[in-house]
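As structure tokens, the structure follows; a few thoughts come after it.
These numbers were taken from a predicted model, which means no experiment stands behind them. Note on naming: letters A, B, ... go to the chains in the order of the sequence lines (proteins, then strands), and numbering restarts at 1 for each one.
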Amino acid sequence: MSRRLASPVTIVSLIAVLCGALVGHAADPIPIGVSVAQTGPVALAGQEQVLGAQIAEEYFNKRGGVNGRPFKLIFQDAGSDEATAINAYQNQINVAKVVAIIGPSLSQQMFAAGPFAVRAKLPVLGISTTAKGIPQVGEFVSRVSAPVAIVAPNAIKAAMDINKNIKRVVVLYAQNDAFSKSETETFQQAVKDLHLELVTVQTFQTTDTDFTAQVTNTLNAKPDLVIISGLQVDGANLVKQLRELAYKGLIVGGNGLNTTNIIPICKALCDGILVAQAYSPEYKSKINDDFKGIYKDRQKKDPPQFSAQAFTGVQVFVEALGALDKKSPIAKMDLAALRVELNKQLIAGTYDTPLGEISFKASPGGEIVQKQSYVAQIKMDPGGTSGKWVYVK
Amino acid sequence: MPAFLAAYDFLLVSMVLAAVLALSLYLPLMAGQLSLASPGFYALGGYIAAIISTKVFPPAAGLYPVPLVLLEMAVAAVASGVLGVIVGVPALRLRGIFLALATIAFVEILRVISLNLDVTGGAIGIFGVPQPFASQIHYMSLAIPLLVLCMLFAARLERSRTGRALVALREDELAADAMGVNPTRYKVLAFTVGAMIAGVVGALSAHFINTWNSRQGTFDTGVSLMAFVLIGGSRTFVGPVVGGLVLTALPEALRGIADVGGLPGWLAQFLRDGRLIIFGVMIALGTVFFPHGLITPALLERLGRGRRHRVEAA
Amino acid sequence: MSSSLLLQQVLNGLAIGSVYAIFALGYTLIFSILRIINFTHGAIFTLGAYATYALTGARFGFNGLLANAALPLHLPFVLALIGGALFAAVSGVIVERLAFRPLRTRGSDPLLTLVSSLGVAVALVNVIQYLFGAEAYSYPADPFGQLPSAMNFGTSTEPVLVRTVQVIIFGVSMVVLALLTVLMNATRTGKALRAVAEDTVTASLLGINTDRLILLTFVISGFLGGVSGTLIGLSVGIAGPYFGIAFGLKGLAVIVLGGLGDIPGAVVGGLLIGLAESFVPAQYIAYREAVPFALLFVVLLLRPQGLLGRAVVQKV
Amino acid sequence: MSAGATPAPLLALDDLSIHYGRVQALEHVSLDVRAGEVVTLIGANGAGKSTTLRSISRIVPIHRGRIAFDGRDISGVRPSDAVRMGIAQVPEGRRMLARQSVLDNLLLGAYTRSDSAGIQADVERQFVRFPRLAERRRQLAGTLSGGEQQMLAIARALMSRPRLLLLDEPSLGLAPLIVRGIFDIIRELHAAGVTILLVEQNASLALQIADRAYVLEAGRLTISGHAAELLTDERVRRAYLG
């Protein structure tokens, strides 16, 4: 937004804020935008994110919101494409006048919409945008979704602990997915660093349903370990088909497989997948127990990573707003100043979230620093209908 | 008004760009050729601009120079034109649905190539495309002239000998051939100009949406363009322009309506979550109630005549 | 290449191809009659898969209007499959009434029918999401009883494995092909359908109620779409509302390769594309996705009537 | 309406107007055909002759006027019902179902009937009438010669046991010898009592076999009368027989 346009907007919002202050402003909920994919092919992720965010909204408001003042989430569908994400952002920034935005769901969408937040100077938080380059979009763009650099090698090491004779590795990834593409680069580097032999790299598409060609190529390469970077549905189908066609070795799944949603697809065949996790439902902490409890109560299963990250996104903003309010009361700030200060506070803070303790790097601003990372193995019940993650390390 | 512009600057420019892109599909359709190749050239143009502006000219502080954007647009036009001829000459021997399918294949092949090349950044694409303007609305200074130029071109074309030849081809290729219209030449011409327009729009769009990747300019885009042209009206260049403007705005308008206060909660909720259901139904209904599109030459004639002689119109 | 690998790749190709083929059959049937591409086929295919899921009495997921709801009945899988296919057939009828017939009776530009079918497809996909959410669903395990997950077509030392569900899909698509061939060539209705396909006006002049036969085509196509949606869902789960849409684009390549509107051609086209995909060398797998479209492009330029097809009258 | 105190006509067109878009194809056309008659409609190319037949078969919409068949208004029925009521058409250009066999073309001609024994008998009857078709019964209709296709088109139309046969330009594109054969058949059908409305560009041929005739010019009926009279009518001679 240009200065010329911004200034009238600022004046208008300033007046609005002042008027609001006169009529019991403190009770007005603080608007926080949530723009994730509620329509289009990415909606699977988006719907889980909405659930997580909604739980956070209730949970934190029940605990007094922002120092006694409630906040409310404004949902604007960011769709599954770049243009819709930008339109949602513009709506959040200029119409709903939110203090901060959570989302969009895809890294590519953040590359498109992020600069709009940078120009409007309001903090936005990626909750599932893991491609490299997200915090570099600019000041005001942060994320709570860890790029896989640390977790991925750990998963391979865990596999090597289980099977000491691993030498030959096949890597498969969804080539049309930015997250998988970023993740596989990390995995492939880790394979080389660990002096394993990368015998073949096979690609697929997230929209694929048949993987027999890739499975045949994989089996021909006689691997000891298979590493898969994909999203939940394609990833789980690939696992299923690998197992059905008699692959017996270990499987390491990327972060895309870190969801209970894969269980209905690969059922008993999910057993034994090692998953590099940015979130684990097994992580023990007060906040995660609370979150997991509410989620399980509603959905009768463990929360998936997308929901946990969305919850975390809301939590981070709420706590940052609270901390900021204690330094200088936010009710007295105009919207523009509040947004800028909130961003500073956001990056300065440390948060105890369901993902574990997180904070942000100062450079590049907004990159997540996540204390915990997990490698877990899926243990399926004998019936093959339910299963759980068991920590490996 | 400034508040409106701030909220909808992106949408307004998108609408104009969609209208231009719709014209790129309309031109071959003037000659009766349903080509869905435009998204491919659009994608190509976007990659050209994104690569030039992020890799050839290293990013510098401040705004990206507008002349360089114009240069990228020119490069995109030339590249799309050349590719247009290469693809067009063999493909335009096909007619009807076969041409549509061949061009869909062309777009898919380009998509897979862009997923595999290093220079295009695979699925992640190219990001951080520099901005030539401080505000999105300033993109209008390029988008509007582009639209006007394309409309003028289309308007002139419709009245020219070439335009009549194209229409003759649409009505009856054999007859047109017999009349001395060289079908291949005119079809390739219309196709190539359409390709160049799409490439130019792509180049501008890469800056406009800050990033470019293999999800831009796919089959889905082609489908939208086809809806723009046919719902808008495929017998005059005004049709695609109106179609592009209206249909781009429609989903966002539905979002806006949902935000208007006073609606019952369930209705607002449905408008928000079911936006695309309504959009789809409206497209289907549009074809039923406007079988020749929203804008037809007859309508334009009536509007024009109505202003002059009401009596004659009767 | 070893003979067992060759056999493996051939079988893989046939297995993938039969999925394409069974999807494409309903697609090409509509084309053969109306000379237009019915973009709603992917959505109807998806609807069929969801309907079967509902009829088994399974519970819906955590999103959408019907979250956690379930039908109060528990049909055995085969009955649910038939019920799901019937549901898809009824959906086909509704689609024909809403998106196709009004345009036909107004004599509008056939291109417009493409657009209206696209509009309906967008609406249907989003209705599905609105009702059932975007998550993946999968059918209960072992719907056909205890079958091994794969069958061995090789020796015990050099196994050549094919997933059982793909063998089933292959079998079903062959049976469907045979039934359709008999229907089209040996029955009065089939001959009338072919007459409508060849020349609607002449068919009318012979006393054939073309509207009714077109409707029947949508019934058959919808039924086939429903069956194939369920079968493919059995193989890979229902991957959300866009499940069928992903097949739609590749389905186009399939039906062109076989000759647009040609019923055996759709099966041959599907199998050929499956084979072509399975023979992509491992190191070029990244370009596999382009193979059907490269084939489509080349076939169109060299033989627009398809590999099996005869020259067709081009409408659109 | 026109001549005769004879009983109600089998077919009556009353003030029929049809337009395609803005182009007026027929204006205020009224004509009738009585049972057992051969009536011919002659006129130049584009005068609206085929449109008249197509409107009777109900494949073009009517904008004004009405069509009565056997005393019933059929303006609103669908084409398949018109066939069911007894109106069969041999369309211009013959319009074979080129990809089906001769036999299947015939069987489809009987689509509105369900008496399989009767249909079988009628197929044999057509093969007696057109021995050439009997020889080629398994052949695809598209492979027949022009004359054979015309025979098949007529035979196919007769398969519905029509009470009114509409013939659209049966001589079109055929060699004179074959045309003569086709007209012999029309004469035979007339003798057998089939009611025929014949559209023909070859006016002299048509007038020779018809009982009555109408002349259509630019969508309007201009002259009508007994065929024999029209053969000698100066205006007709100059315009159509010259």
Is chain A contacted by the side chain of C:A246, its backbone, both, or neither, given a heavy-atom distance below 4.5 Å? side chain
For C:A136 and A:V233 the tightest heavy-atom approach is CB-CG2, 3.6 Å
Measure distances from A:L219 to the heavy atoms of chain C and classify the residue's part below 4.5 Å as side chain, backbone, both or neither. neither
Taking A:A37, A:C266, A:A43 one by one, which has the highest count of heavy-atom pairs under 4.5 Å against chain C? A:A43
For C:F297, what residues pass the ring pair (Phe, Tyr, Trp, His ring centres under 6.0 Å) criterion, not counting sequence neighbours? none
Applying a strict 4.5 Å limit to non-hydrogen atoms, the region of C:V125 in contact with chain A is neither
Give, as side chain, backbone, both or neither, the part of A:V201 having an atom under 4.5 angstrom from any heavy atom of chain C. backbone
Pick from C:V236, C:L161, C:L11 with the largest number of heavy-atom pairs that fall under 4.5 Å of chain A: C:V236
Atom pairs (donor, acceptor) spanning chain C and chain A, under 3.5 Å:
from, atom 1, to, atom 2, distance (Å)
C:N12, ND2, A:T216, OG1, 2.6
C:N63, ND2, A:Q47, OE1, 3.3
C:Q129, NE2, A:Q38, O, 2.5
C:A134, N, A:Q47, OE1, 2.7
C:S138, OG, A:P264, O, 2.5
C:Y139, O, A:K267, NZ, 3.0
C:R163, NE, A:E244, OE1, 2.4
C:R163, NH2, A:E244, OE1, 3.2
C:Q166, NE2, A:D210, OD2, 2.5
C:S235, O, A:K240, NZ, 3.1
C:V236, O, A:N237, ND2, 2.8
C:A282, O, A:Q202, NE2, 3.1
C:R288, NH2, A:D210, O, 3.4

